[in-house]
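Let me begin by presenting the structure, written as structure tokens, before commenting on it.
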Amino acid sequence: MAAAKGTRRKTLGIALGIIVMVTIVYLMAPDFFKIVEFTLYDQHFRLRGPRGAHPQVAVVAIDEASLRAVGRWPWSRAVQADLVSKLEEAGAAAIAFDVLLTEPEKSGEQEAAARIAQRLRARGAPAAAVREAERAAAEPGADATLAKAIAASGRVVLASNFVLSTTDPTAPPERRGSPVKSALGAFKNYAERGATPPISATSATFPLPILLAPAASVGHVNMLAELDGSTRYEGLVIESNGFYYPSLALEAVRVAAGIDPFALKLDFGNAVLLGDIGIPIDARARVLVDYAGPPGTLLSIPAVDILQGRGAERVKDRVVFIGATAEGTYDLRVTPVSPIFPGVEKHANVAANIIDGRFIVRPKEIELLELAGIFALPLGLAFVLPLMRPVPSIALTLGLWAALFAGTHVAFRQGVWIPLVYPSLALALTFVAVTIYRFLTEERQRLWTKRAFQQYVSPEVVERIMQDPAALQFGGEVRNMTVLFSDIRDFTTITERHSHDPHIVVQMLREYLTSMTAIVLQEGGTLDKYIGDAVMALFGAPVAYDDHALRGCRAALAMTKEVERLTEKWAAEGKEPFRIGLGVNTGNMVVGNLGSEQLFDYTVIGDEVNLGARLESLNKDYQTTTHIIISDATAEAAKGGIEVRQLGEVKVKGKTRPVVIYELLGLASPPTA
């Protein structure tokens, strides 16, 4: 008990050390563990599988087929205007461009007119001619055509792009200049904008004024990649010059729903409010994208189909995102669901999340749950692992981690991300540390104990001792069991006759005792001790068997038969054989680790043990007829499994009544059919 308490204290100390170490690493938050955490996060998408298309979102893809039919990208603004017009006619709820329209488009005629104006000016031509050439070069052309289509629709959302800051703001941003279209005008907790600042930008690029003016709105298309390059978050709002601008997906949903711009409100550090929809955000105004599945999961229509009048009815009442999906257009991203994911489909997934109110959140309280796991798991393992063998302890640790991951996956399906890396680290380190400690201390002692005991007791007994070292402590119990005694007849005389060559007797005794012990162990018995040439064996302890009496009888018969075999062998070798006598008794005996505090043995004591020894010695009274004498208690307990012959009654010291004894003849024959 003291040893067990000492081990428990040491493993508890190991667990406390692991807790301190993992907590320090948790507070440092190294990038490596962030990447591992994201890797575990990505597995949830793979286990969940695709969710399917969304009925209110579609992608009009500038794919390989469209590029083959229309021409290489970028297309003329006139073609894009035609695309907008056809989507408007088909009844799209909103048309969002994942295409940056920041530079004017110059046709071949305009470029020629610009060169002519330059040459006329250089040659001193009349001013009227120069002005006419410059007017021709400055004609709006395709940009004006697209602007007209955008104005006619009234539901087009264009794309902006920001150069994001690489440092976090140290103070609330001050407004500089004037806001651009779509800048947010409604806020909550505005005073907290410095404590929970959205991602900030150092510069911004907006669409051409000729296109921005008729557009219903504009939203940024920045992709927020993590340390490993994968896009998991959407920055719903980005700060630039003290103003806050929404993402393309957010504005597309707002326009499609007909929600007033002032109904889009930023609650710093808590949520983005879009009408009745509250979108939970982190401290940087980001939200995790709940991807529906790999590329193509959402409805995707080739742009050429829309341009040629095919399938336009499928976009009715949908939020439509126009963007490139062809590999050569360089708008492919790494995401949890695919290493090659079109950026336009990311925006479409965000829009679907907003419409459904389906978000993956990481509540602030989750940090407390992480810390609870860091503390509880090592402490729990410190108590449990010392009680288990190595293989079951491995199974327990792996099973516990699997249960933790399964729990986090269930939470993920409900929209909650529970980080697992630091509790997993605490779990793994505790298992490794405790296992190494046990190997260096307890396991070494267990191996020594096993080697010491496996020669004297059955494998079942060894296993019990391995599982419960406390069984070796001093003490006993009363148990009904069977004891067997065997002895070599006239062994002293045999020894005297071979005094000139004692190694022969030693060799024969060794061979005899080895065979007898093997038989005892085969029957599940325990070798109690050797008493000179005598063997004392137990059946029914420490491992209890209901048929311990029959096991003892079988062992006695097998020992007699084995001595016959050895006798023939020794006779052939010119050695003097010997005979044995056996006594078997069944009854209540005190069994356990008995003796003094300095020396004790696992043995049995009591009147029934003495009777067993007495039965063995009675064979001397029947020298020519018996080899095995059993008590009436043994005969009754093994009845049906053995054949016996009653020898009569004997008066045994310590017994007030005579004892009926039997000769064990053999095992009962099985019944014939």
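Everything numeric in this text was worked out from a predicted model, so none of it was measured. We use all heavy atoms of the structure for the numbers below, so side chains are in, but hydrogens, waters and symmetry mates are not.
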Start with the C-alpha distance between E367 and R362, add both sets of side-chain angles, then the distance that settles salt bridge (Lys or Arg N to Asp or Glu O under 4.0 Å), and finish with yes or no.
CA-CA 9 Å; E367 294 182 359; R362 181 176 174 172; 5.8 Å; no

If you count heavy atoms of other groups shown closer than 6.0 angstrom to [atom1] of [X], is the number above 12?
X    : atom1 : result
D276 : CG    : no
E64  : CD    : yes
E174 : CD    : no
Y190 : OH    : yes
K148 : NZ    : no

Rounded distance [0.5 Å steps], [atom1] in [X] versus [atom2] in [Y]:
X    : Y    : atom1 : atom2 : value
N222 : I238 : CG    : CD1   : 4.0 Å
D282 : N270 : CG    : CG    : 11.0 Å
R318 : L298 : CZ    : CG    : 9.5 Å
E313 : I301 : CD    : CD1   : 8.0 Å
F375 : L16  : CZ    : CG    : 9.0 Å
F38  : S230 : CZ    : OG    : 8.5 Å

Output yes when a side-chain donor or acceptor of [X] lies under 3.5 Å from a complementary backbone atom of [Y], and no otherwise.
X    : Y    : answer
T202 : V163 : yes
H347 : G323 : no
S153 : A149 : no
T39  : I35  : yes
R175 : F243 : no
E239 : G242 : yes
K86  : Q308 : no
N353 : N349 : yes
T297 : G52  : no
K181 : L212 : yes

If we ignore angles and hydrogens, is there a donor and acceptor under 3.5 Å between the side chains of [X] and [Y]?
X    : Y    : result
D267 : N189 : yes
S85  : D82  : no
H54  : D356 : yes
E345 : T325 : no

Is the gap between the ring centers of [X] and [Y] under 6.0 Å?
X    : Y    : value
W417 : Y41  : yes
F321 : F97  : no
F45  : H409 : no
Y26  : F33  : no

Can you list the steps and then say if F206 with Y245 is a ring pair (Phe, Tyr, Trp, His ring centres under 6.0 Å)?
CA-CA 11 Å; F206 287 90; Y245 296 93; 5.5 Å; yes

Pair [X] + [Y]: basic N to acidic O under 4.0 Å:
X    : Y    : result
R232 : D42  : yes
R254 : E251 : yes
R286 : E234 : no
R51  : D290 : yes

Residue pair [X] / [Y]: nearest heavy atoms and the distance that separates them:
X    : Y    : value
G235 : L224 : N-CD1, 3.2 Å
A252 : V319 : CB-CG1, 3.8 Å
I306 : A312 : CD1-CA, 3.8 Å
L381 : F431 : CD1-N, 4.3 Å
T205 : T102 : CG2-CG2, 3.1 Å
Y422 : V22  : O-CG1, 3.8 Å

Residue that, paired with V272, satisfies side-chain contact (heavy atoms from CB on, under 4.5 Å) out of L184, I281, I354
I281

So do [Y] and [X] actually touch side chain to side chain, heavy atoms under 4.5 Å?
X    : Y    : result
P197 : D168 : no
L146 : I150 : yes
Q56  : D317 : no
R333 : K346 : no

Does the pair V421 and L425 meet the rule for a side chain to side chain contact (heavy atoms under 4.5 Å, CB included), with working shown?
CA-CA 6 Å; V421 67; L425 178 63; 5.6 Å; no

Under the criterion side chain to side chain contact (heavy atoms under 4.5 Å, CB included), I'd like the reasoning laid out for L332 against F341: C-alpha separation, chi angles, the key distance, then a yes or no.
CA-CA 5 Å; L332 301 177; F341 197 88; over 6 Å; no

Geometric cation-pi criterion R193 and F268, 6.0 Å radius, 45° cone
no

Do L211 and L208 pass the side chain to side chain contact (heavy atoms under 4.5 Å, CB included) test, and can you show the C-alpha distance, the side-chain angles, and the key distance before you say yes or no?
CA-CA 5 Å; L211 302 177; L208 292 170; 4.3 Å; yes

Go through L264 and I259 one step at a time and tell me if the side chain to side chain contact (heavy atoms under 4.5 Å, CB included) criterion holds.
CA-CA 8 Å; L264 178 59; I259 297 175; 5.9 Å; no

